[in-house]
Peer 1: 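Supplied in structure tokens, the structure appears directly below.
Side-chain atoms are counted along with the backbone in the values below, which use heavy atoms only and exclude waters and symmetry mates. All residue numbers refer to positions in the sequence shown, counting from 1.
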Amino acid sequence: MKKIRTGCLIAVFILIMSMPYLLQKFSSRFSLSGVTEAAPFPGFSLEGMLDGSLQEAVGTCYSENLPGRDLMIKVRNQVIFTLFSKSPNTNIIVGKEDVLFEKEYILKYEKYYPPVTREFTEKLCESLTAIQEILESRGKEMYIFITPTKVRYYEEYVPDIYVQSNRFPDEPGNYEQFTETLKQYSLPVYDSIPYIDQLARTADYPLFQRTGTHWSQVLSAQVTADFVRYLNSQSRYSFPEIQVTYHPVPEPVFPDADIFNSLNLFTPPYDNNYLQADWEFQPREDEGPSLLCRGGSFMGQTLVPLINHGFFSKDTYIENTLVTHYPFDQFTSFSDYGEIDLKQEFDQADIIIFEVNEAHIPVMSFSLIEYLTEHPEIINGQ
């Protein structure tokens, strides 16, 4: 009996000692989704040791490299999501019927944050008008492209506590204020929201998937096709007309489960109506104009397919803090517009598109409008 007990203790000891190795091997099958930045191992310094910053940095580095960390995070997240119907990611809200939302979009649409003022939108439109006039004098075309948020079309699934947290009920929202101000200016604007409002009455496909934050791939393709129709009615350039069809697929296509994937669960995406968009159009017979576009991720869904299918001869694509050119194989990160040769990019562009999501109207183009206003030499050709 004593030998059995001793043998069991030895076996348990060996198992405990080998757990880091076993977890590391097993956890490699469960990598996490999303962007992470690993903390480097800190350099030793007496000052850091005395003030505690060295110990804190070592602890952070160890916890991020702990064997089995990815597996344990997924176990934790699955328990929180399955047992409590809560999001393990503080940036994501689980709404009614498990419809997922990014918290930022809810707070802005429900006006927890103060919406833009009339003074702000007037100043913004004046700056856009000044930029448009300079570009037009050089034979260039400029367009404003407005995109929606999921909350606009799925507000009934937002938890009541967020709907009731509206702190500015008597003030128009960002989109309403901006579009009302735009009526006073002769700016070329493609607003996708009225078109989507019309589609919503008869669409037999989801405008947004329960598991995604961006519009569904089918809706994105429909908006792209309508945007091309708009360009053909406004631009001196012509573009191939697009016809969109779609068919069901067993698994989500990008980006129909983008925020679900960021929850890092074991279970697969749970929507039951994933669709793949199919495009039909005639290839260009000419070289086409060159493009410069600035915006966020909704811009990528609509304009990248046009770029990939040869609608433009050249392109400069600037999304958030990244800039690239076709074939999108190398993105360059920047923290200041001075790091980009914007003068060269504007000089070679025939069409300039500023995409703005309704949630980001307060920071439209991420300060590029203000930068161009302060540095008109970038766009005036001098």
Side-chain angles (χ1 to χ4, degrees), residues 116-147 174 178 181-182 184-191 227 230-231 234-237 239 287-300 302-304 306-307 311-328 330-357 360-382:
V116 293
T117 63
R118 185 58 174 258
E119 292 76 17
F120 175 88
T121 54
E122 286 180 346
K123 182 179 180 181
L124 174 59
C125 288
E126 288 168 3
S127 297
L128 288 167
T129 299
I131 292 170
Q132 194 265 342
E133 289 175 350
I134 294 174
L135 294 173
E136 187 177 45
S137 70
R138 299 183 61 196
K140 301 177 183 296
E141 299 177 2
M142 186 192 87
Y143 299 98
I144 299 167
F145 186 170
I146 302 175
T147 56
N174 291 326
F178 186 42
T181 304
L182 280 169
Q184 301 180 9
Y185 296 83
S186 299
L187 288 163
V189 180
Y190 174 76
D191 184 355
F227 180 60
Y230 169 81
L231 286 179
Q234 301 291 322
S235 175
R236 69 176 185 272
Y237 302 99
F239 298 89
E287 187 178 37
S290 58
L291 170 72
L292 186 153
C293 56
R294 174 59 169 134
S297 52
F298 280 81
M299 177 184 73
T302 48
L303 297 188
V304 168
L306 299 181
I307 295 171
F311 277 58
F312 303 97
S313 57
K314 297 179 181 178
D315 69 90
T316 302
Y317 180 88
I318 309 175
E319 177 184 323
N320 299 328
T321 59
L322 300 172
V323 58
T324 188
H325 305 81
Y326 181 80
F328 302 105
Q330 184 174 356
F331 285 82
T332 302
S333 177
F334 67 93
S335 58
D336 184 272
Y337 287 114
E339 300 170 15
I340 307 173
D341 191 347
L342 285 175
K343 187 177 188 313
Q344 176 181 320
E345 304 293 2
F346 274 92
D347 284 346
Q348 68 181 11
D350 299 310
I351 293 179
I352 293 91
I353 299 174
F354 293 111
E355 181 269 336
V356 59
N357 186 268
H360 297 143
I361 288 170
V363 291
M364 179 176 177
S365 292
F366 309 98
S367 75
L368 179 58
I369 305 301
E370 294 83 353
Y371 190 82
L372 295 177
T373 302
E374 296 170 2
H375 302 277
E377 69 277 4
I378 292 173
I379 57 176
N380 62 18
Q382 297 178 1

Peer 1: Hydrogens and angles aside, do Glu345 and Thr316 bring a side-chain donor and acceptor to less than 3.5 Å of each other?
Peer 2: yes
Peer 1: Using only heavy-atom distances, determine whether the side chains of Glu133 and Ser137 contain a donor-acceptor pair under 3.5 Å.
Peer 2: no
Peer 1: One pair to check against side chain to side chain contact (heavy atoms under 4.5 Å, CB included): Glu287 and Phe312. What are the steps and the verdict?
Peer 2: CA-CA 7 Å; Glu287 187 178 37; Phe312 303 97; over 6 Å; no
Peer 1: Under a 3.5 Å cutoff, is there a donor and acceptor pairing between the side chains of Gln348 and Ser290?
Peer 2: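 Result is no, nothing qualifies.
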Peer 1: Within the 4.5 Å heavy-atom criterion, are Thr302 and Phe227 side-chain neighbours or not?
Peer 2: no
Peer 1: If you measure from CG on Asp350 to OH on Tyr237, what distance do you get to the nearest 0.5 Å?
Peer 2: 3.5 Å
Peer 1: Answer yes or no: is there a side-chain heavy-atom contact under 4.5 Å between Ile353 and Leu292?
Peer 2: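 The answer is no, as the side chains (C-beta and beyond) never meet within the 4.5 Å cut-off.
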Peer 1: Does the Lys123 side chain pair with the main chain of Arg118, one donor and one acceptor, at a distance under 3.5 Å?
Peer 2: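 Checking the backbone N and O of Arg118 against the side chain of Lys123, no donor-acceptor pair under 3.5 Å is found.
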Peer 1: Can a donor-acceptor pair be found, under 3.5 Å and without considering hydrogens, that links the side chain of Glu141 to the backbone of Arg236?
Peer 2: yes
Peer 1: What's the verdict on ring pair (Phe, Tyr, Trp, His ring centres under 6.0 Å) for Phe145 and Phe354, showing C-alpha distance, side-chain angles and the deciding distance?
Peer 2: CA-CA 6 Å; Phe145 186 170; Phe354 293 111; over 10 Å; no
Peer 1: Do side-chain atoms of Asp315 reach the backbone of His325 as a donor and acceptor pair under 3.5 angstrom?
Peer 2: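 Judged by distance alone, no pair lies under 3.5 Å.
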Peer 1: Any idea how Tyr230 and Tyr143 line up, ring-wise: parallel (<30°), tilted (30 to 60°), or perpendicular (>60°)?
Peer 2: perpendicular
Peer 1: Just by distance, with hydrogens left out, do Ser127 and Glu370 show a side-chain donor and acceptor under 3.5 Å apart?
Peer 2: no
Peer 1: Whether the side chain of Thr321 engages the backbone of Ser335 through a donor-acceptor N/O pair (distance < 3.5 Å, no angle test) should be reported.
Peer 2: no
Peer 1: If every non-hydrogen atom of Tyr337 is compared with every non-hydrogen atom of Ser367, which pair is closest and at what distance?
Peer 2: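 It is CE1-OG, 3.4 Å.
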Peer 1: Measuring centre to centre across the rings, with the benzene-like ring taken for any Trp, is Tyr317 within less than 6.0 Å of Phe328?
Peer 2: yes
